Chemist: 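After the structure tokens below, expect a handful of questions from me.
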Amino acid sequence: MLKIYNTLSKEKEVFQPINPEKVGMYVCGMTVYDYCHMGHARVLVMFDVITRHLRRHFPQVEYVRNITDIDDKIIQRAIENKEDIYALTNRFIDAMHEDERALGILPPDAEPRATDAIDQMFYMIKTLIDKGIAYQGENGDVYYSVRQFKNYGKLSGKNIDDLEAGARVGVESNKKDPLDFVLWKMAKPNEPSWESPWGDGRPGWHIECSAMSCNHLGNHFDIHGGGMDLAFPHHENEIAQSEGANDCTFVNTWMHVGFVNINNEKMSKSLDNFFTIRGVMENYDGESLRYFIMSSHYRSPLNFSDENLDNAKASLTRLYTATRGLQASESAMEEVSQRFDFEARMTAALDDDFNTPIALSILFELAKMVNAEREKDLDQANALGQLLKNSVVTLAFYKWMQMNF
RNA sequence: GGCCGGAUAGCAAAGCGGUUAUGCAGGGGCCUGCAAAGCCUUACAGACCAGUUCGAUUCUGGUUCCGGCCUCCA
């Protein structure tokens, strides 16, 4: 029985898909103006683990992860680089795919780009305006009227009045309310823009995810995920947009991955304390990074340090060493698997809100057993060793898959 | 200021109202010609103060400290 912690209820819940034949999951992906850092790596790896595990339970899982390829930072970076905006975004999309492969991550089933979804955004914005939930300011920008959505704040546990009290004095005098957020932004000269019913411009950040997720997975789907920092305001705003436009529940289960920290501080671009995946991979292999990420529970903070990466590498080496030179038939492996309950325990660990540290600890128990049996009963050692190889593949330590033992 | 999290042994990291987590590092022993790998064994925990309980690291309340969100961020 798979249980998932839902940010919406703040509880672990038994996961029951809307359609048991097909699970829909949307994860907020990258804004592509720079290389991915370790924080991105954590989200990528964890949702890879999650997708693989969901596929063990359900016949079909549709995993959609978007790419934000138009926004202020992208435009700014393109100007700085004197680079065409599409050349810039394509370059970093390629780099992202390279990083993913290095971490053993399966590509999502769909990877929609914001710039390909403008029509769907128009449709949603128009619906919101028609319903009186969105309005056009005097500067031409279209805003979402937060006060029109009664459940605003339900995901992040905030309420509008508290937010209002702490809000900084609005620079945006075109908004009716400081908390209103932009759906469509008028283009400045020389900026990339699309013709729209409200004037030439480009989409706000939040609307793209509402449009793309509903477009691929329907108005109501199972799982929506991303980094913890997206819960507010991004996901809160997505809920407001989607539920405001579609008059139905948007997402059942919200999942948020914790931060990667450095010296107990969030890794982020603004603090300039980030390490890119490819930078770290100059000194460590992708599989060790994957292990490092799985060594803590996905909702806990993960502290990035050389010591911890060395630790991950050493741990992984122990698992590799244990399987060295061992192999057995499928049936022999099945026999020990059932006798020692290993697969069931692995499944149970992952079923408990994707508890990868427990899953890993089970692999070490198995490794210990394998090592002990090498001296006593070689047949048993071979069977257990084969089981360890198979179990390890469950967590997608991919070298095992490529190795010929 | 408002709203959330967290505090576990030398380091990292989980579950659990009573019984070995796990990995790395440390002590002792074994194996090997030496080493590596491995096996056995051992020490080292639960921020602080109360409360509930026969019994709390695990539940409740308070204190201290740390982090996150409230602005772009995975």
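Residue numbering restarts at 1 for every chain, and letters A, B, ... go by the order of the sequence lines. Here the structure is a predicted model, which means the values were calculated and not measured.
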Chemist: Using the C1' atom as the reference point in each nucleotide, state the distance between B:U53 and B:C70 in Å, no decimals.
Modeler: 41 Å
Chemist: Looking at B:G15, B:A74, B:G23, which one has an atom nearest to any side-chain atom of A:Asn311?
Modeler: B:G23
Chemist: Under a 4.0 Å heavy-atom cut-off, which of residues 340-350 of chain A touch RNA chain B?
Modeler: none
Chemist: Provide the full list of side-chain hydrogen bond (donor to acceptor under 3.5 Å, both in side chains) pairs with a residue in residues 358-379 of chain A, sequence neighbours left out, each pair given once.
Modeler: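 Checked against side-chain hydrogen bond (donor to acceptor under 3.5 Å, both in side chains) - neighbours excluded - the pairs reaching residues 358-379 of chain A are A:Arg345-A:Glu365.
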Chemist: B:A14, OP1 or OP2 - any side-chain N/O from A:Ser300 closer than 4.0 Å?
Modeler: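 Yes, A:Ser300 has a side-chain N/O under 4.0 Å of OP1/OP2 on B:A14.
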Chemist: Hydrogens and angles aside, do A:Thr68 and A:Glu208 bring a side-chain donor and acceptor to less than 3.5 Å of each other?
Modeler: yes
Chemist: Would you check if the distance from the ring center of A:Phe250 to the ring center of A:Tyr26 is below 6.0 Å?
Modeler: no
Chemist: Output one letter per nucleotide in nucleotides 3-9 of chain B: B when a protein non-hydrogen atom lies under 4.0 Å from the base, S when only the sugar-phosphate is that close, - when neither is.
Modeler: S------
Chemist: For A:Ala134, give me all partners under side chain to side chain contact (heavy atoms under 4.5 Å, CB included), at least two apart in sequence or on another chain.
Modeler: A:Leu128, A:Ile129, A:Val142, A:Leu183
Chemist: Would you list the pairs meeting salt bridge (charged side-chain N to carboxylate O under 4.0 Å, His left out) in which at least one residue belongs to residues 234-243 of chain A, sequence neighbours left out?
Modeler: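 For residues 234-243 of chain A, and leaving out neighbouring residues, the salt bridge (charged side-chain N to carboxylate O under 4.0 Å, His left out) pairs sorted by first residue read A:Lys154-A:Glu243.
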Chemist: What integer number of Å spans the P atoms of B:A56 and B:U19?
Modeler: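 So the two P atoms sit 11 Å from each other.
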Chemist: Could you run through nucleotides 28-45 of chain B and give me one letter per nucleotide, 5' to 3': B if any protein heavy atom sits under 4.0 Å from the base, S if only the sugar-phosphate is that close, - if neither?
Modeler: ---------SSSS-----
Chemist: Any idea which of B:G23, B:A74, B:A14 is nearest the A:Phe364 side chain?
Modeler: B:G23
Chemist: Looking only at the side chain of A:Glu265 (C-beta and beyond, no hydrogens), which of the listed nucleotides B:G68, B:A74, B:C72 gets closest?
Modeler: B:G68
Chemist: Quick one, which residues of residues 66-76 of chain A touch RNA chain B with a heavy atom under 4.0 Å?
Modeler: A:Lys73
Chemist: Quiz question: by atom type and distance under 3.5 Å, do the side chains of A:Tyr135 and A:Gln148 form a donor-acceptor pair?
Modeler: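 The answer is no; no qualifying pair exists.
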Chemist: Given A:Arg52, which of A:Ile50, A:Leu54, A:Val49, A:Asp48 fulfils the side-chain contact (heavy atoms from CB on, under 4.5 Å) condition?
Modeler: A:Asp48
Chemist: Holding to side chain to side chain contact (heavy atoms under 4.5 Å, CB included), I want the full list of residues that pass it with A:Met228, two or more places apart in sequence or in another chain.
Modeler: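 Scan of A:Met228 (side chain to side chain contact (heavy atoms under 4.5 Å, CB included), adjacent residues dropped) gives A:His256, A:Phe259.
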Chemist: Could you list the residues that satisfy salt bridge (Lys or Arg N to Asp or Glu O under 4.0 Å) with A:Asp229, not counting sequence neighbours?
Modeler: A:Lys266
Chemist: Between A:Tyr143 and A:Asp177, do the side chains contain a donor N or O and an acceptor N or O under 3.5 Å apart?
Modeler: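 Absent: no donor and acceptor within the cut-off.
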Chemist: What residues, two or more places apart in sequence or in another chain, satisfy side chain to side chain contact (heavy atoms under 4.5 Å, CB included) together with A:Gln60?
Modeler: A:Lys22
Chemist: Strictly below 4.0 Å: does A:Lys266 bring a side-chain N or O up to OP1 or OP2 of B:A74?
Modeler: no
Chemist: Which residues pass the salt bridge (Lys or Arg N to Asp or Glu O under 4.0 Å) test with A:Lys185, not counting sequence neighbours?
Modeler: A:Asp72
Chemist: Using the P atom on both, measure B:G23 against B:U32 and round to a whole Å.
Modeler: 25 Å
Chemist: Which nucleotide, B:U22, B:C70, B:C24, lies nearest any side-chain atom of A:Phe232?
Modeler: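 My answer, after comparing the listed nucleotides, is B:C70.
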Chemist: Can you tell me how far P in B:C11 sits from the matching atom in B:G5, rounded to whole Å?
Modeler: 27 Å
Chemist: I'd like to know if the side chain of A:Asn159 pairs up with that of A:Tyr152 as donor and acceptor (distance under 3.5 Å, no hydrogens or angles considered).
Modeler: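 Their side chains do not contain a donor-acceptor pair, so the 3.5 Å distance test is not met.
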Chemist: Looking only at the side chain of A:Asn308 (C-beta and beyond, no hydrogens), which of the listed nucleotides B:A12, B:U22, B:C24 gets closest?
Modeler: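 Of the candidates, B:A12 comes closest.
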Chemist: From the options B:G68, B:U22, B:C24, select the nucleotide whose nearest atom is closest to the side chain of A:Phe259.
Modeler: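 So the nucleotide nearest the side chain must be B:G68.
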Chemist: Can you tell me which residue pairs pass the ring-ring contact (aromatic ring centres under 6.0 Å, His included) test with a partner in residues 77-127 of chain A, sequence neighbours excluded?
Modeler: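 Qualifying pairs: A:Tyr35-A:Phe92, A:Phe122-A:Trp184, A:Phe122-A:Trp198.
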